[in-house]
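Report on the following structure.
Each chain gets a letter, A, B and so on, in the order its sequence line appears, and its residues count up from 1. These numbers were taken from a predicted model, which means no experiment stands behind them.
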Number of protein chains: 2
Amino acid sequence: MNIGKAAKLSNLTVKTVRYYADIGLVKPLKNCSTGYRDFSDDDLAQLQFVAKARKFNFSIQECEELLSLYSDKNRSSKEVKALTLDKISEIDAKLIELKDLRRQLSFLANNCKGNDRPECPILDALADV
Amino acid sequence: MNIGKAAKLSNLTVKTVRYYADIGLVKPLKNCSTGYRDFSDDDLAQLQFVAKARKFNFSIQECEELLSLYSDKNRSSKEVKALTLDKISEIDAKLIELKDLRRQLSFLANNCKGNDRPECPILDALADV
DNA sequence: ATAAACTCTCCAGTTAGTGGAGTGTAAAGG
DNA sequence: CCTTTACACTCCACTAACTGGAGAGTTTAT
């Protein structure tokens with residue numbers, strides 16, 4: 001199938017699919033005469049896999065690893081689980097950071113009157129070394 | 001003062017300070033003969049302000065806005081508060097997204113035995129359109 | 001035959017820096 | 001005074017993961 005159809009069926013943009021092909025994440029055949037990429041059903045499955053993995057916050061590189069595990073019939077599920085647990089840890093770290101940030105910003109915002117006067121504890125806090 | 005001292009006192013790297021000068025976030029004087037940047041105390045204060053605002057997740061562009069509010073003695077605190085509340089909303093959205101992601105990944109990881117066998121519900125989920 | 005829709009490649013831009021090459025300047029030690 | 005070391009400079013390339021657009025060729029529908 002052409003790139004447009006592959007993109008539609010994987011919920012990716014044509015640009016993104018082309019990008020994935022450029023970096024070798026999928027390897028569609030190319031029609032020599034027209035230069036059009038030709039995506040097989042397997043290529044499509046890979047695109048769909050990657051689209052889903054990206055939604056789960058896996059990086060492109062991690063998507064490659066997952067893809068190769070996916071196609072490796074001798075894989076052990078613990079490898080996949082390890083990647084997933086790492087990702088969860090990453091998310092946990094980010095959550096902690098963001099929660100702390102939110103707490104601090106809320107504190108500042110709560111102390112700021114938010115009126116037409118110039119006095120502002122938020123700016124004061126930013127200026128305070 | 002030279003860039004090295006300014007960097008140290010603002011907890012930024014020399015590279016970063018140079019970058020901030022390049023994009024006009026600070027405007028140190030330049031020694032014509034040597035080409036060395038010369039940071040005043042005010043320049044340093046700006047760097048410290050930006051360093052702190054960046055830690056609070058404000059983008060460079062938002063830092064510029066905050067800086068201009070900071071130096072505007074006719075500002076109204078509600079402008080600053082609005083920026084801060086926007087930032088908090090942004091963080092909230094991100095928190096929701098990450099929490100949901102974490103929930104889904106945990107669910108998958110919990111269902112994966114993580115042994116030497118190839119069967120893996122995580123990969124199954126990624127492959128499932 | 002022509003117009004619309006689709007595809008291609010190539011280049012540039014996005015964020016907020018970071019790394020390195022090659023070169024010039026300043027301060028300290030001998 | 002000379003040399004080493006530390007610091008400074010510019011310029012270019014690179015990061016992640018695309019996105020936008022130009023200019024050109026192809027396919028499909030009217």
Please list, by residue number, the residues of residues 88-96 of chain A whose heavy atoms come closer than 4.0 Å to an atom of DNA chain D; answer none if no residue qualifies. none

Going by number, which of residues 41-70 of chain A have a non-hydrogen atom under 4.0 Å from DNA chain C?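 Within this stretch, nothing sits under 4.0 Å of the strand.
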
Would you say the side-chain atoms of [X] and [Y] include a donor-acceptor pair closer than 3.5 Å?
| X | Y | value |
| --- | --- | --- |
| A/Ser59 | A/Glu62 | yes |
| A/Asp42 | A/Gln46 | no |
| B/Ser33 | B/Asn31 | yes |

According to a strict under-4.0 Å criterion, is [X] in side-chain N/O contact with OP1 or OP2 of [N]?
| X | N | result |
| --- | --- | --- |
| A/Tyr20 | D/dC18 | yes |
| A/Thr16 | D/dT19 | yes |
| A/Thr13 | D/dT19 | yes |

Contacts under 3.5 angstrom, residues 91-98 of chain A side chains, donor-acceptor by atom type, not counting sequence neighbours:
{"unit_1": "A/Asp92", "atom_1": "OD1", "unit_2": "B/Arg102", "atom_2": "NE", "d": "2.4"}
{"unit_1": "A/Asp92", "atom_1": "OD2", "unit_2": "B/Arg102", "atom_2": "NE", "d": "3.4"}
{"unit_1": "A/Asp92", "atom_1": "OD2", "unit_2": "B/Arg102", "atom_2": "NH2", "d": "2.9"}

Main-chain N/O of A/Lys87 paired to A/Glu90 side chain as donor or acceptor, under 3.5 Å: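 Not confirmed, A/Glu90 side chain does not pair with A/Lys87 backbone.
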
Using a 3.5 Å distance criterion without hydrogens, assess whether the side chain of B/Gln48 forms a donor-acceptor pair with backbone atoms of B/Leu9.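 Checked: pair present.
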
Let me have a per-nucleotide readout for nucleotides 3-10 of chain D, 5' to 3', with B, S or -, counting only protein heavy atoms under 4.0 Å. ----BSBB

Test the A/Lys73-A/Tyr70 pair against the cation-pi criterion, namely NZ or CZ under 6.0 angstrom from the six-membered ring centroid and within 45° of the ring axis. yes

Atom pairs and distances, donor-acceptor, side-chain atoms in residues 14-30 of chain A, under 3.5 Å, two or more places apart:
{"unit_1": "A/Thr16", "atom_1": "OG1", "unit_2": "A/Thr13", "atom_2": "OG1", "d": "2.8"}
{"unit_1": "A/Lys27", "atom_1": "NZ", "unit_2": "A/Gly24", "atom_2": "O", "d": "2.7"}

Output the rounded distance in Å from OH (B/Tyr19) to P (C/dT18).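 Rounded to the whole Å, the gap is 10 Å.
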
Taking salt bridge (charged side-chain N to carboxylate O under 4.0 Å, His left out) as the test, write out the residues that go with A/Asp128, two or more places apart.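 Partners of A/Asp128 by the salt bridge (charged side-chain N to carboxylate O under 4.0 Å, His left out) criterion come out as none, since no residue qualifies.
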
Mind checking the SG-NZ spacing from A/Cys112 to B/Lys81? Nearest 0.5 Å is all I need. 5.5 Å

